[in-house]
2 protein chains.
Amino acid sequence: MALLSVELKINEKLYKTNPQRTDLGRKILQYSILLIDELGLERFNFKRLAERIGSTEASIYRYFENKHLLLLYLVNWYWEWMRFRIEIKLIDMEVPAERLKAVISCIVDTAKRNTTIAFIDEDVLHRIVVAEGTKAYHNKLVDAQNREGFFVSYKALCEKVAKVIQENNPDFPYPRSLASNLLEMANNHIYFAEHLPRLTEVEAKEDTLEQVEELLCYFAWRLVQPGQPPSGASAKSNGNVNVHQNNGLQHS
Amino acid sequence: MALLSVELKINEKLYKTNPQRTDLGRKILQYSILLIDELGLERFNFKRLAERIGSTEASIYRYFENKHLLLLYLVNWYWEWMRFRIEIKLIDMEVPAERLKAVISCIVDTAKRNTTIAFIDEDVLHRIVVAEGTKAYHNKLVDAQNREGFFVSYKALCEKVAKVIQENNPDFPYPRSLASNLLEMANNHIYFAEHLPRLTEVEAKEDTLEQVEELLCYFAWRLVQPGQPPSGASAKSNGNVNVHQNNGLQHS
DNA sequence: ATACTATAATAGCTTTACTATCACAAACGC
DNA sequence: GCGTTTGTGATAGTAAAGCTATTATAGTAT
């Protein structure tokens, strides 16, 4: 795929000036990705970004109100990009199982550098999404931001995945839940493998992404498979466990 | 269960002075929970907390180095508490399926107020863990903090859950991944149901927690069930999708 | 030639995060 | 009892982060 000039549509309320349209704007996107990856979101700020770019704090504030909206912009870009890649990959695929497999492959390897949107380093952006992505919606402003439409891309992406899940089994009761879970799991297990390896079987090696892909496939197939209604699922819960017993855990 | 005086063991490096041992310390725990819930982690700070308690910023800094370590302390307390509740509930339960069901029930309803550790409001703490929990390990210091043992409680919890999973199917290839996923899913879907409902089938009603419990049970049973090796899972991926096609998505 | 746009340069203000110092009272060691 | 440690409050101050305002200027569009 040769140098492709894509401008993904991002919610206009996320920025004050469209950063994809000017030199400085594109530099902001490009270098904010590198700097957030380097410093982490908390130490990252517009002053440092300005220094790195060779511009000024005030100039950057003309594009984004604050660093959280900039993060949200980047994450939205990522979601839109993944959705775009999924749509393209699914064209002319008809076997539901293959389509689901293809979706999972996109979810995981949107990481792998495979296009050239000049100013976005997708590998690094992926690392940011893995490490900081959840902060995009874990804050007190979610509801207000949701009303502004800042999460439509994520919801659309989730819905797309959910639909492919339903193609595989129209009776599956949790298509959206599984969809969002696959999206979250992908990020979590990449992060765990690297930083908290005891939380996952995925190992941090060259083939981490392939392992995650296998993990997601395994989960998805097992869950989506028609048959076995959740009969065993109603094992009677024992509400009368004796909670007064001392089992040796520390307490004083 | 009558007024039970439990002191959960929390990693000593998380605090400068043990907050469970003094009046001010317990007030810090009690009111930080309320304030973080009220303001969110970003707006929360030690100055406001001091005002609320009727103490001073400097005094609070004598207990915790900064608000992130305080959060980590609270989250650790939650993890320890959940593990304690699981251990107790599992005593005298022997049927693997019932044990797994019991574990899931603990994962979800550690929320429900059911004990009286005087100064910890578990309902509110649960909301914090749901809303801010992932921030405990999503930062540039994870690796250093992990070396200090700040996540042993979470890893132990995960391992406990993984063991119960393995009791149900010793051949299940992803016990830890499923365990951490169940823990994360519980929080995510409670959060989604309330703030981003299109990402889940769980609805925000009085019985949200029961719905989440059902969801987790459904996932767990389906996955843990012996049999069907992931045969269909290897549906050959189509690496040669024609990515040049224009499918109508916006680009310029 | 004029008006508009994007940016740089500079300054300043408020809040957050954190440290330091001193003083005082209760509890504790002997 | 006296001295010491421990917990707290009071006050002050510094550095960084977060954000706004003002002015000047170069390039572009009309």
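Proteins come first, then strands; the chains are lettered A, B, ... in the order of their sequence lines, and each starts at number 1.
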Hits for ring pair (Phe, Tyr, Trp, His ring centres under 6.0 Å) against A/Y63, two or more places apart or cross-chain, chain-then-number order -> none

Sorted by chain and residue number, the side chain to side chain donor-acceptor pair (under 3.5 Å) partners of B/R21 (sequence neighbours excluded) come out as B/E7

If you measure only the distance, is there a donor-acceptor pair under 3.5 Å linking the side chains of B/H195 and A/D143? yes

Atom CD of B/Q20 and atom C1' of D/dG7 are separated, to the nearest Å, by 18 Å

Quick check on D/dT8: is either OP1 or OP2 less than 4.0 Å from any side-chain nitrogen or oxygen of B/S55?
no

Under 3.5 Å, sequence neighbours excluded: what are the donor-acceptor pairs made by side chains of residues 149-160 of chain B?
| residue | atom | partner | partner atom | Å |
| --- | --- | --- | --- | --- |
| B/S153 | OG | B/N76 | OD1 | 3.3 |
| B/S153 | OG | B/E80 | OE2 | 2.7 |
| B/Y154 | OH | B/E184 | OE2 | 2.8 |
| B/K155 | NZ | B/N146 | OD1 | 2.7 |
| B/E159 | OE1 | A/R198 | NH2 | 3.0 |

Residues in residues 32-39 of chain A with a heavy atom under 4.0 Å of DNA chain C, by number, are none

* Under 4.0 Å between a Lys/Arg side-chain N and an Asp/Glu carboxylate O for B/E148 and B/K13? -> yes

From CD1 of B/I60 across to C1' of D/dG7 the rounded distance in Å is 14 Å

Taken to the nearest whole Å, CD1/A/I28 to P/C/dT7 is 8 Å

When rounded to whole Å, the CG to P distance for the pair B/L70 and C/dA17 reads 12 Å

When you check the gap from the basic side-chain N to the acidic O, do A/E122 and A/R127 get nearer than 4.0 Å?
no

- request: Give a yes/no on whether any side-chain N or O of A/Y63 is located under 4.0 angstrom from OP1 or OP2 of C/dA6.
  value: no

- In plain terms, say whether B/R85 and B/D109 are close enough for a salt bridge, that is, a side-chain N and a carboxylate O under 4.0 Å apart. yes

With sequence neighbours left out, the residues meeting ring pair (Phe, Tyr, Trp, His ring centres under 6.0 Å) with B/Y31 are none

Taking only Lys NZ, Arg NE, NH1 and NH2, and the carboxylate oxygens of Asp or Glu, determine whether A/K135 and A/E42 approach each other closer than 4.0 Å. yes

note: B/I53, atom CD1; D/dG9, atom C1'; distance rounded to Å ~ 13 Å

note: B/L71, atom CG; C/dA17, atom C1'; distance rounded to Å ~ 17 Å

With B for base contact, S for sugar-phosphate-only contact and - for none (protein heavy atoms under 4.0 Å), nucleotides 11-30 of chain D reads B-----SBBBB---------

Atom OH of B/Y15 and atom P of D/dT6 are separated, to the nearest Å, by 15 Å

B/L24 CG to D/dT6 P, in whole Å, measures 17 Å

